[in-house]
Amino acid sequence: MAAARRVHADGDCEEKGPEGSCPAVPPGATIPRVKLLDTLVETFLQKLVAAGSYQRFSDCYRRLCQLQPDVTQRIHDKFVAQLQASIREEISEIKAEGNLEAVLDALDRIVEEGKDRTEPAWRPSGIPEADVRSAAVPYFLQQRDALQRRVHRQEAENRRLAEAVLAGRRQLEQLEQRARARQKAWQALHREQKELLGVLGEPE
């Protein structure tokens with residue numbers, strides 16, 4: 001007789017018969033959803049094989065079964081094996097395309113983290129505009145704060161660069177002033193030399 005089995009929403013599995021395929025777990029324990037999915041797939045394959053038993057197969061091909069029972073048995077076994085392999089391959093591709101293992105593991109972690117929370121979980125209010133605001137406003141406020149921090153950092157960087165430019169300009173002005181002072185001093189020295197040479201060159 002097929003076993004009666006109930007799967008809880010949080011991943012728990014309650015056995016009610018000896019043929020149940022869910023693994024035995026202690027009371028209160030939670031089966032990982034990835035393992036539960038694999039168990040459900042295996043249970044489905046077992047029921048599929050049972051539904052496509054050799055007896056039913058041979059009833060459909062009674063003439064062949066009477067003439068070559070061994071061949072009929074091999075055909076049935078190969079058909080069942082290929083069917084199981086094809087279904088497992090399809091399930092694996094679906095899991096890979098949807099990244100189901102990571103998603104189910106993340107869901108397990110969310111459920112586990114939520115067990116210790118005492119506040120009620122969020123539920124829709126029935127007013128779409130209010131629900132959208134309640135979800136979107138905190139996000140936009142967070143983005144606004146992040147942008148403000150970025151603007152403040154950029155403004156501080158701009159002030160630092162402006163100060164560096166002003167300091168560079170002051171340094172250039174000082175260098176120009178020193179250059180002009182040296183030029184004037186050289187010109188004055190050059191005039192004095194010319195005057196001295198003129199004095200020395202005059203006849204007695």
Side-chain angles (χ1 to χ4, degrees), residues 7-13 23 25-41 88-202:
V7 178
H8 297 286
D10 61 353
D12 293 340
C13 180
V25 294
T30 301
I31 302 175
R33 282 171 169 76
V34 173
K35 188 174 182 180
L36 182 60
L37 176 62
D38 295 338
T39 302
L40 293 177
V41 171
R88 287 193 177 97
E89 183 178 357
E90 289 289 338
I91 296 295
S92 298
E93 290 179 359
I94 292 173
K95 289 168 64 176
E97 291 176 0
N99 198 20
L100 288 185
E101 291 191 2
V103 171
L104 293 176
D105 288 340
L107 183 57
D108 286 337
R109 289 194 296 270
I110 292 173
V111 172
E112 191 66 27
E113 292 172 358
K115 288 182 177 180
D116 297 332
R117 295 181 180 176
T118 56
E119 66 274 10
W122 180 86
R123 293 291 184 273
S125 64
I127 305 175
E129 295 83 358
D131 294 337
V132 170
R133 283 196 300 270
S134 66
V137 169
Y139 170 78
F140 287 124
L141 290 176
Q142 182 181 8
Q143 294 299 312
R144 184 196 65 181
D145 294 340
L147 288 174
Q148 287 179 345
R149 289 193 296 270
R150 186 175 299 177
V151 168
H152 293 332
R153 287 197 298 269
Q154 189 62 45
E155 289 176 348
E157 180 66 16
N158 291 342
R159 286 194 297 269
R160 186 186 66 80
L161 292 175
E163 292 174 356
V165 170
L166 291 176
R169 287 178 180 176
R170 287 194 294 268
Q171 187 175 6
L172 286 176
E173 291 175 356
Q174 293 174 358
L175 290 174
E176 289 176 356
Q177 291 175 359
R178 287 198 293 268
R180 285 195 295 268
R182 290 181 181 178
Q183 183 179 9
K184 290 180 180 179
W186 182 82
Q187 290 175 350
L189 179 61
H190 183 65
R191 285 195 299 270
E192 291 177 358
Q193 289 178 348
K194 288 179 65 176
E195 292 175 358
L196 180 60
L197 290 175
V199 171
L200 294 176
E202 290 181 355

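In plain terms, the two heavy atoms of Ser134 and Pro138 that are nearest each other are O-CD, 3.1 Å. What you find for Leu37 and Leu104 is that their closest heavy atoms are CD2-CD1, 4.1 Å. Heavy atoms only, all atoms of each residue included: Leu175 and Arg178 are closest at CD2-NH2, 2.8 Å.
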Should Asp38 and Lys95 be marked as a side chain to side chain contact (heavy atoms under 4.5 Å, CB included) after you check the CA-CA gap, both sets of side-chain angles, and the distance that decides it? CA-CA 11 Å; Asp38 295 338; Lys95 289 168 64 176; 3.0 Å; yes
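Between atom CD of residue Glu163 and atom CZ of residue Arg160 there is a gap of 9.0 Å, rounded to the nearest 0.5 Å. Atom OH in Tyr139 sits 14.0 Å away from atom CZ in Arg144 (nearest 0.5 Å). Leu107 CG to Glu112 CD: the interatomic distance, rounded to the nearest 0.5 Å, is 11.5 Å. In this structure, the separation between CZ on Arg33 and CG on Leu40 is 12.0 Å, given to the nearest 0.5 Å. From Asp145, atom CG reaches atom CD of Gln143 across 9.5 Å, with rounding to the nearest 0.5 Å. The distance from atom CG of Asp131 to atom CD of Glu129, rounded to the nearest 0.5 Å, is 9.0 Å.
The environment of Ile127 atom CD1 is sparse: at most 12 non-hydrogen atoms of other residues, nucleotides or ligands sit within 6.0 angstrom.
No side-chain donor-acceptor contact under 3.5 Å links Asp105 to the backbone of Val34.
Between Glu155 and Arg159, some side-chain heavy-atom pair lies under the 4.5 Å cut-off.
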